[in-house]
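A short write-up of the structure that comes next.
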Amino acid sequence: MRKLNPEDASLLELVDRLLNKGVVLAGEATISVAGVDLIYLGLNLVLGAVETFEKAQERRAS
Amino acid sequence: MTLIAHAIAAAPPASLPHRGLRGRPLSWSETGGLGLWSTEWDPDVKLERPDALEHHQLVERICAAQTCLPVRFGTAFETSDAALESLDKRAAALRAALARVAGKSEVALTLLWREAPAPAALQSAVGPGRRYMEQRRAEYGAREGRRLRAEAMVEELIVELAIERPLVWYETGTSASVAVSLAVLVPTEQALERKAQLERIAARFSDVAPVVNGPWPPYTFARIE
């Protein structure tokens with residue numbers, strides 16, 4: 001299990017709210033970032049993205 | 001002209017700078033006493049990650065100026081008429097939600113497990129089949145133990161906060177690292193006091209690291225049925 005630091009957790013909580021909370025109105029278009037529909041990005045997927053980012057940082061550092 | 005929706009509020013609109021995402025015009029569309037704050041957008045331009053944070057800043061600005069319901073980021077309408085039709089269909093529920101969040105803000109608490117679950121102690125002499133089954137059982141037991149511990153922490157938080165349950169939302173075990181993700185809806189003028197209270201209560205839990213965020217616009221409590 002990778003430990004989340006508080007900064008990651010804060011960002012993930014905010015992103016989760018932006019993408020998964022709030023009023024859902026009909027008629028919404030599918031809007032995507034890098035081919036992934038924002039509407040369906042969940043916290044777990046965002047966690048995965050942070051892990052990928054950290055691994056890339058570790059590779060750059062080594 | 002596509003509209004990227006940010007927040008719903010009751011008419012009349014607050015006086016706000018007419019600057020939306022990426023400096024594009026921020027517009028107000030109104031029907032039946034309700035209105036939608038949105039950015040006038042070129043449909044050929046894709047939203048990107050920084051737009052999500054700018055959407056959040058816009059929602060914060062709107063909610064600071066008047067009671068508002070944040071709209072999920074990425075919600076777009078082809079025309080203003082389509083947006084207004086959508087509001088009209090949900091007018092009663094939107095008014096009820098606006099009344100629910102009036103004068104309130106959201107404070108969030110995340111509890112992160114300090115340690116990974118301890119590996120199961122298995123007998124070395126058993127065969128591979130039994131070993132597999134015992135490992136599975138131990139993993140299930142550890143997960144269930146953590147779930148129960150997370151639920152107990154939530155209960156303690158709710159009791160200590162002395163807050164009504166409809167004003168609390170939570171999930172447990174959303175990932176291996178996250179024990180609890182919790183949000184409370186509190187009067188805006190008490191938000192910082194409540195935030196400090198959450199920090200004090202959560203600091204007593206030795207097995208998790210608390211992260212408190214907000215006050216934020218009431219994202220979690222803006223849902224309508």
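Naming: A, B, ... by sequence-line order, numbering from 1 per chain.
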Handout entry: Pairwise disulfide bond (SG atoms under 2.5 Å apart) hits with a residue in residues 37-104 of chain B, at least two apart
Key = Cys63(B)-Cys68(B)
Completion exercise
Turns out that what part of His55(B) lies under 4.5 Å from chain A's heavy atoms comes down to side chain
Handout entry: Under 4.5 Å from any heavy atom of chain A - which part of Glu85(B)
Key = neither
Practice task
Sort out for me which residue in Leu58(B), Asp51(B), Thr2(B), Leu3(B) forms a side chain to side chain contact (heavy atoms under 4.5 Å, CB included) with Thr39(B).
Solution key: Leu58(B)
Problem - Region of Leu182(B) that comes under 4.5 Å of a non-hydrogen atom in chain A - result: backbone
Handout entry: Heavy-atom contact with chain A under 4.5 Å, split by part of Ala52(B)
Key = both
Handout entry: Trp41(B) six-ring face occupied by Arg24(B) cation (under 6.0 Å, within 45°)
Key = yes
Problem - Over 12 foreign heavy atoms within 6.0 Å of CZ, Arg137(B) - result: no
